[in-house]
Asks: 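Here it is, the structure, as C-alpha cells.
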Amino acid sequence: MPSCEGPGPRIHYRVCGNPQGNCLVLLRGLGRSSRHWPKGVLDGLGEHFSLLLLDNRGVGASERPLRPFSVAAMADDVARVMDHAQIARAHLFGM
C-alpha cells in the first residue's frame, strides 16, 4: 500500500479496479479503514472504475495526528493523495 507524506500526516492508500475507467474515490468514514469495503462492492465497482481507497488520518495504516483536525483537513488529505497518485479528476463516494 503506497503512502503519501506531508504536509500533514502520512496517508496510506491503494489504487485498484479498472485502470481504463474513470477514478472513483471511496471514503469509508471516520472510524473505518479502507479494508472495511466489502469485496463484492470493490469487485462490482472495480469492473467499471479505477478505485482509489485511502485510510483517513488516524485510521488503519495512516498516521494519527497529534492535534484535533477538521473535515476540511481531511478533504485536503484526499486532494494530496490524488496528486501523489497522479489522479487529476475523480468521482467521490463516502459513507
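Just the heavy atoms: all of them, side chains too, but no hydrogens, waters or symmetry mates, feed the values below. All residue numbers in this chain count up from 1 along the given sequence.
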Asks: Taking the inter-plane angle between the rings of His91 and Phe49 on a 0 to 90° scale, is it parallel (under 30°), tilted (30 to 60°) or perpendicular (over 60°)?
Replies: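 It falls in the perpendicular class, over 60°.
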Asks: Taking the side chain as C-beta and beyond, is there a heavy-atom pair between Leu45 and Leu26 under 4.5 Å?
Replies: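 In contact.
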Asks: Heavy-atom distance under 4.5 Å between the side chains of Met82 and Tyr13, does that happen here?
Replies: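 No. Closest side-chain heavy atoms not under 4.5 Å.
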Asks: Can you measure from CD1 (Ile87) to SG (Cys23) and round to the nearest 0.5 angstrom?
Replies: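 Here the interatomic distance stands at 4.0 Å.
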Asks: Is a side-chain donor or acceptor of Asn18 paired with a backbone partner of Gly46 at a separation under 3.5 angstrom?
Replies: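 Between the backbone of Gly46 and the side chain of Asn18 there is no qualifying donor-acceptor contact (under 3.5 Å).
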Asks: If you count every heavy atom of other residues, nucleotides or ligands that lies below 6.0 Å from Arg35 atom CZ, does the total exceed 12?
Replies: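 It does not: Arg35 CZ has 12 such atoms or fewer within range.
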Asks: Rounded to the nearest 0.5 Å, what separates atom CG in Asn22 from atom NE2 in His48?
Replies: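 So the gap between those two atoms works out to 12.0 Å.
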Asks: Verify side-chain contact (heavy atoms from CB on, under 4.5 Å) between Val15 and Leu51, making sure each step is shown before the conclusion.
Replies: CA-CA 5 Å; Val15 178; Leu51 303 175; over 6 Å; no
Asks: For the atom pair SG (Cys4) and CG (Asp77), what is the distance rounded to the nearest 0.5 Å?
Replies: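 So the gap between those two atoms works out to 8.0 Å.
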Asks: Flag the pair Arg80 and Asp83 as a salt bridge only when some basic side-chain nitrogen lies within less than 4.0 angstrom of an acidic carboxylate oxygen.
Replies: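 Salt bridge absent between Arg80 and Asp83.
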Asks: Find the distance between CG (Leu54) and CZ (Arg14) and round it off to the nearest 0.5 Å.
Replies: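 The distance works out to 11.0 Å.
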Asks: Are Val59 and Val71 linked, directly or through other ILVMFWY residues, by side chains that come within less than 4.5 angstrom of each other?
Replies: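 Each belongs to a different hydrophobic cluster.
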Asks: Could you go step by step and tell me if Trp37 and Leu53 meet the side-chain contact (heavy atoms from CB on, under 4.5 Å) rule?
Replies: CA-CA 9 Å; Trp37 286 104; Leu53 298 95; 3.6 Å; yes
Asks: Using a 4.5 Å cut-off on heavy atoms from C-beta on, say whether the side chain of Leu24 contacts that of Phe93.
Replies: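 Yes - at least one pair of side-chain heavy atoms lies under 4.5 Å apart.
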Asks: Would you check if Ser3 and Ile11 make a side-chain contact, meaning some heavy-atom pair closer than 4.5 Å?
Replies: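 A side-chain contact is absent here, since even the closest heavy-atom pair is not under 4.5 Å.
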Asks: Between His36 and Ser33, is there a donor-acceptor pair closer than 3.5 Å when you use the side chain of the first and the backbone of the second?
Replies: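 Such a contact is found between His36 side chain and Ser33 backbone.
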Asks: Mark yes or no for whether Ser50, through its side chain, and Gly17, through its backbone, hold a donor-acceptor pair below 3.5 Å.
Replies: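 Here the side-chain-to-backbone pair does not exist.
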Asks: Does Arg57 form a side-chain contact (heavy atoms from CB on, under 4.5 Å) with Arg64? I'd like the steps, not just the answer.
Replies: CA-CA 6 Å; Arg57 52 174 64 201; Arg64 182 175 303 278; over 6 Å; no
Asks: Looking only at heavy atoms, which two atoms of Gly58 and Pro65 are closest? And how far apart?
Replies: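 Looking at all heavy atoms of both residues, the shortest contact is N-CD, 4.0 Å.
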